[in-house]
Amino acid sequence: MSHKLSTFSFVESVNAWQQQHGRHQLPWQLNVNPYKVLVSEIMLQQTQVATVIPYFERWMQNFPTVEALAQATEDQVLNCWQGLGYYSRARNLRRAALYITAELAGQIPADIEELRKIPGIGPYTAGAILSFAFNQRGVIVDGNVKRLFARYFGIRGAVNSTAFSKTVWAYAEAVTPTQDNRRFAQGLLDLGSTVCKPRLPLCDACPLRPECFAWAHNQVESLPERSPKKTIPKRTGHFVWDYNSEGLLLEQRNDTSVWPKLWALPEIDTPTSTAKSKGEFHHQFSHYKLHACIWHSKDHQSDNKQSRFTVNQLDTVGLPAPMRKFIESALDLNAEES
DNA sequence: CAATCGTGGTC
DNA sequence: TGACCAAGATT
């Protein structure tokens, strides 16, 4: 690797490409500050840029500073996050603001160990904040870097294995420079997402092609390697539909389930034999398929916090995306029938 | 360590 | 069309 790096400047190639062809106008790149970087990096975890942008804009309107976020309630935060998924990110981001305000005098630290103490900040996000917020050396390994490095260095093994991750982190530590880190980190991400793509990579446009292992060995399509896919299980869930003149009955889900702390139709173990169906919907999570059955019911008892919401009030609570679709569809049908 | 945690984009 | 994947973290 050292020979390769000495005869071909990986860093300079990435940086020069980023300056010419990389992204420079993303919302969190304009008038950059550490809080914007923190918010964007949390939102971007396992979520595509195009999906995040409108959420980021709305978030910064509602919670423009760490202090503003620290003063928000969990319900306000979840309402702003609804539809983006992985809701523990939202709750951790609020906890992060409380921690930064209480323990760090409102300042996001430019220190890897201090960053790692903040809720929701793992090894990738800590490195990203160092690079993007402070232009300091911060090592980043995400899906883009794993794919790009697997091809460029010829790293074998399943991308989702621990061994593969450790190997890529070691390469990243070795490659990451001590200067111009904002540009280098952005260059890695931009190259990975726009050129070294999962499928149909644009090798003709890649500045790293002269020294790319996968290109030289015709393995661009077969790297990185994937572990054999698992069959994901199917589950059935039953939910209660109770809508009257005072609104729709919802309950706040507990935090040990999917959609933690979000408001949703009350969930039941099994419907009664006389229950009348209100409808159903299907939803695919990353790890199982849900078949949701909705049953007409009244006066459902639950340990969870319950409340009724009118149609207008539904906009002010955090609802799971598929359930919001079902509810809005069902209420529209009601309106047409009446 | 492997499972869990959402949703939408892409081809 | 469905399988893969996305600026991962937590337990």
Side-chain angles (χ1 to χ4, degrees), chain A residues 22-23 26-29 36-56 78 81-93 95-96 115-133 138-148 158-166 168-169 172 182 185-194 196-201 221 224 226-233 235 253 255-262 264 282-290 318-325:
Chain A
R23 296 175 288 195
L26 296 171
W28 42 89
Q29 294 176 311
K36 286 186 188 175
V37 174
L38 170 62
V39 171
S40 64
E41 288 303 334
I42 301 296
M43 287 188 169
L44 285 160
Q45 288 169 7
Q46 296 291 285
T47 310
Q48 294 185 177
V49 168
T51 303
V52 164
I53 287 175
Y55 281 90
F56 177 81
L78 286 173
W81 197 275
Q82 65 171 310
L84 197 55
Y86 287 143
Y87 297 95
S88 63
R89 293 183 298 171
R91 296 195 290 148
N92 281 337
L93 188 48
R95 288 207 295 140
L115 285 168
R116 286 299 309 276
K117 294 178 183 172
I118 299 174
I121 296 184
Y124 164 81
T125 303
I129 290 174
L130 287 176
S131 295
F132 295 130
V139 181
I140 59 167
V141 171
D142 75 328
N144 292 304
V145 175
K146 287 180 180 176
R147 181 175 57 256
L148 192 154
V159 281
N160 59 346
S161 70
T162 303
F164 179 89
S165 184
K166 285 178 124 178
V168 174
W169 271 102
R182 184 176 287 146
Q186 191 66 50
L188 287 182
L189 300 183
D190 291 348
L191 255 185
S193 61
T194 68
C196 197
K197 301 185 295 179
R199 279 175 295 182
L200 303 177
E221 298 291 343
R226 298 178 307 223
S227 57
K229 62 170 182 265
K230 300 177 189 172
T231 60
I232 70 174
R235 297 184 196 171
R253 296 176 62 83
D255 54 9
T256 59
S257 63
V258 288
W259 304 322
K261 293 293 187 174
L262 265 66
H282 296 265
H283 185 69
Q284 179 146 359
F285 294 95
S286 47
H287 51 297
Y288 67 91
K289 295 178 182 178
L290 174 67
L319 285 173
M323 194 163 285
R324 175 173 290 280
K325 288 177 191 169

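Letters A, B, ... are given to chains in the order of the sequence lines, protein chains preceding strands, and every chain is numbered from 1.
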Colleague: At under 4.0 Å between heavy atoms, what does A:Lys289 touch on the DNA or RNA strands: base, sugar-phosphate, or nothing?
Modeller: nothing

Colleague: If the condition is side-chain hydrogen bond (donor to acceptor under 3.5 Å, both in side chains), which residues does A:Asn92 pass it with, not counting sequence neighbours?
Modeller: A:Arg95

Colleague: Residues two or more places apart in sequence or in another chain: which of them pass side-chain hydrogen bond (donor to acceptor under 3.5 Å, both in side chains) with A:Gln284?
Modeller: none

Colleague: Counting the atoms with a prime plus P, OP1 and OP2 as sugar-phosphate, which does A:Gln186 contact under 4.0 Å by heavy atoms, base, sugar-phosphate, or nothing?
Modeller: base

Colleague: Taking the C1' atom of each, how far is B:dG8 from C:dT1, in whole Å?
Modeller: 16 Å

Colleague: Just to verify, what does A:Thr125 make a side-chain hydrogen bond (donor to acceptor under 3.5 Å, both in side chains) with, not counting sequence neighbours?
Modeller: A:Gln45

Colleague: Check every strand shown and say whether A:Leu84 touches a base, only sugar-phosphate, or nothing at a heavy-atom separation below 4.0 Å.
Modeller: base

Colleague: Walk along DNA chain B from 5' to 3' and tell me the first and last nucleotide with an atom closer than 4.0 Å to a non-hydrogen atom of chain A.
Modeller: B:dC1 to B:dC11

Colleague: Please name all residues satisfying side-chain hydrogen bond (donor to acceptor under 3.5 Å, both in side chains) with A:Lys117, sequence neighbours left out, ordered by chain then number.
Modeller: A:Glu114

Colleague: Considering every strand and a 4.0 Å limit on heavy-atom distances, what is the contact class for A:Arg147: base, sugar-phosphate, or nothing?
Modeller: sugar-phosphate

Colleague: In terms of the nearest nucleotide of DNA chain B, which residue is placed more toward the 5' end: A:Ser88 or A:Ser161?
Modeller: A:Ser161

Colleague: When the C1' atoms of B:dC1 and C:dG8 are considered, how many whole Å apart are they?
Modeller: 16 Å

Colleague: Pick the closest DNA chain B nucleotide for A:Lys197 and for A:Ser257 by heavy atoms, then say which residue is nearer the 5' end.
Modeller: A:Ser257

Colleague: Report, as yes or no, whether the 6.0 Å neighbourhood of atom NZ on A:Lys166 holds more than 12 heavy atoms from other residues, nucleotides or ligands.
Modeller: no

Colleague: What residues form a salt bridge (charged side-chain N to carboxylate O under 4.0 Å, His left out) with A:Arg226, not counting sequence neighbours?
Modeller: none

Colleague: How far does the P atom of B:dC11 sit from the matching atom of C:dA7, given to the nearest Å?
Modeller: 13 Å

Colleague: Can you tell me, in whole Å, how much space there is between the C1' of B:dG6 and that of C:dA6?
Modeller: 12 Å

Colleague: Contact class for A:Tyr87 (heavy atom, under 4.0 Å): base, sugar-phosphate, or nothing?
Modeller: sugar-phosphate

Colleague: Which label fits A:His283 and A:Phe285: parallel for a plane angle under 30°, tilted from 30 to 60°, or perpendicular past 60°?
Modeller: perpendicular

Colleague: My understanding is that only residues two or more places apart in sequence, or in another chain, count here; which of them pass salt bridge (charged side-chain N to carboxylate O under 4.0 Å, His left out) with A:Arg324?
Modeller: A:Asp315, A:Glu328

Colleague: Counting any heavy atom closer than 4.0 Å, what does A:Thr125 reach on the DNA or RNA strands: base, sugar-phosphate only, or nothing?
Modeller: sugar-phosphate

Colleague: Taking ring-ring contact (aromatic ring centres under 6.0 Å, His included) as the test, write out the residues that go with A:Tyr124, two or more places apart.
Modeller: none

Colleague: Could you tell me the boundaries of the chain A footprint on DNA chain C, defined by atoms under 4.0 Å from its heavy atoms?
Modeller: C:dC4 to C:dT10

